Amino acid sequence: MTVATWARRHVLSTEDWSRDEIELVLENTSAMTEVLSRPVRRAPPLRGRTVVLFFAEASTRTRVSFELAAKALSADVVNISAAGSSVEKGETLLDTVRTLDALGGDVIVMRHSASGAPYFVAARTTAAVINAGDGWHAHPTQGLLDAYTLRAALGDLAGRRIVVVGDVLHSRVARSDIHTLVPLGASITLSGPPTLMPSAWRCGALPPGVTYEPDLDRALDGAAAVIALRLQRERAESGLLPSLREYARTWGLNEARVARMRPDAPVMHPGPMNEGIEIEASVAHGARSLIAAQVTNGVAVRMALLYLLAGHPS
Amino acid sequence: MSILLTADDVRRAITRIAHEIVERERDFSQLAIVGVRARGDMLATRLRDALRATCGREVPLGLLDITLYRDDLTRIGYSPTVHRTDIPFPVDDRVVILVDDVLFTGRTVRAAMDALLDYGRPRAIRLAVLVDRGHRELPIRADFVGKNIATALGDDVRVRLVESDGRDEVELAQKVPA
């Protein structure tokens, strides 16, 4: 039995994580899925702790997932959303942080449209901070839940090639998937329109373990899994795409494309989906789809992180 | 440093506990064994095997991880890894024999009972331990004891089992007088 250690106070990005840290979270996630399968879906470790959910950018599923996770560990949960709060009245992020700190939350879970905002908050609070998505930068809990879901379906990820298709340029999910799956031994093939790829990556200066193949059919040939990214409809209006219809034809997942992968290779999507654009309904709800499992596993991953942060001796 | 139980003593203790269980628990159909991770689950497995050898009955076995139920989360007991609990049977109306290696303050047993009760309502919970070393901080006692040992509070009782440590023995490491 390996003696695991955990020294992090915050979860801001998995970019600088060791493989051991990722493995510890995945192992604890497995124990948390067991808690969620019990008749009483609740364990007591965070009794008396307060988890503040500070979502300055719209989100339903991630916020609800964190709320269920915190409650399953018996924490108290406080919700602060940008709409209808002092943020809308012009309060600065610094003032919001001071207020959150004074309220005495033990963990702040935050989503913000500005990349790096959770780092700003982490440097100015006594609470532990979990990044629930910041701008285009990172969404570490999504990367971890995708890793857990893929492991559960495929076993060891060593040597497995996983396709990530879509708007990589604006996607914190794509970045966090890379930063979590590559250390576990997987390789990533990015696909999607060149206009929606970071320019350095499009020009061949890719991170280790990552390649770019604009032709989705070629990317999918023999792949172990595919993750489709959400396409924001405004990308077509801003001139990065000719039209949504053309995107769906060229980079949308349909039955014929999915069949190019290995037999039973799973299909994933971080949600919310634009069915008929980046993914056909028959694929999204088909036999290969792990999209429902992603949602379930998301709660368990967030429980694992809340336990590690709130349980850590301060 | 002294050896309290040899490999042979450990084997005999488990066999004796199995016989005591057979004597005291008449209704085997409702019996179940649940071991507390990490070494309690190994002892529970051996106890299950001993019961099979003693009376030919198969008693269901579960493994309990109590990390999420500890009362010292932010104190010395913080353990970052949470292992899976595996109780593959309904505990409702069963007589559950909880198995651990050492009974000391009673806090682990308290946590284990809380965890077990989240799975249902057993008819009764009994406690079997390899070693009872005294110094309880909670009103808890064992129903089946391999060996009672008088210890000083600062002593260290180390249980080694083949499955995790390569050999069976229980050792008492006495606190060095200041």
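Every value quoted in this text rests on a predicted model; they were computed, and no experiment measured them. So that the names make sense, note that chain A is the first sequence line, chain B the second, and so on, each numbered from 1.
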Sort out for me which of A/N28, A/T33, A/V40, A/L73 touches chain B most, counting heavy-atom pairs under 4.5 Å.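 Most pairs with chain B among the choices: A/N28.
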Taking the side chain as every heavy atom from C-beta outward, state whether [X] and [Y] have any pair of such atoms under 4.5 Å apart.
X: A/P44; Y: B/D114; value: no
X: B/P80; Y: A/T5; value: no
X: A/W6; Y: B/T81; value: no
X: A/E27; Y: B/R84; value: no
X: B/D118; Y: A/R42; value: no

When you look at [atom1] of [X], are more than 12 heavy atoms from neighbouring residues, nucleotides or ligands closer to it than 6.0 Å?
X: A/N79; atom1: CG; result: yes
X: A/R41; atom1: CZ; result: no
X: A/R262; atom1: CZ; result: no

Tell me, side chain or backbone of A/V35 under 4.5 Å from chain B's heavy atoms, or both, or neither?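 Looking at A/V35, just its side chain touches chain B.
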Which region of A/R47, side chain (C-beta onward) or backbone (N, CA, C, O), has a non-hydrogen atom less than 4.5 Å from a non-hydrogen atom of chain B, or is it both or neither? neither
Before you tell me yes or no, could you show the steps for A/M32 and B/L68 under side chain to side chain contact (heavy atoms under 4.5 Å, CB included), namely the whole-Å CA-CA distance, both residues' side-chain angles and the distance that decides it to 0.1 Å? CA-CA 10 Å; A/M32 297 304 178; B/L68 297 174; 3.8 Å; yes
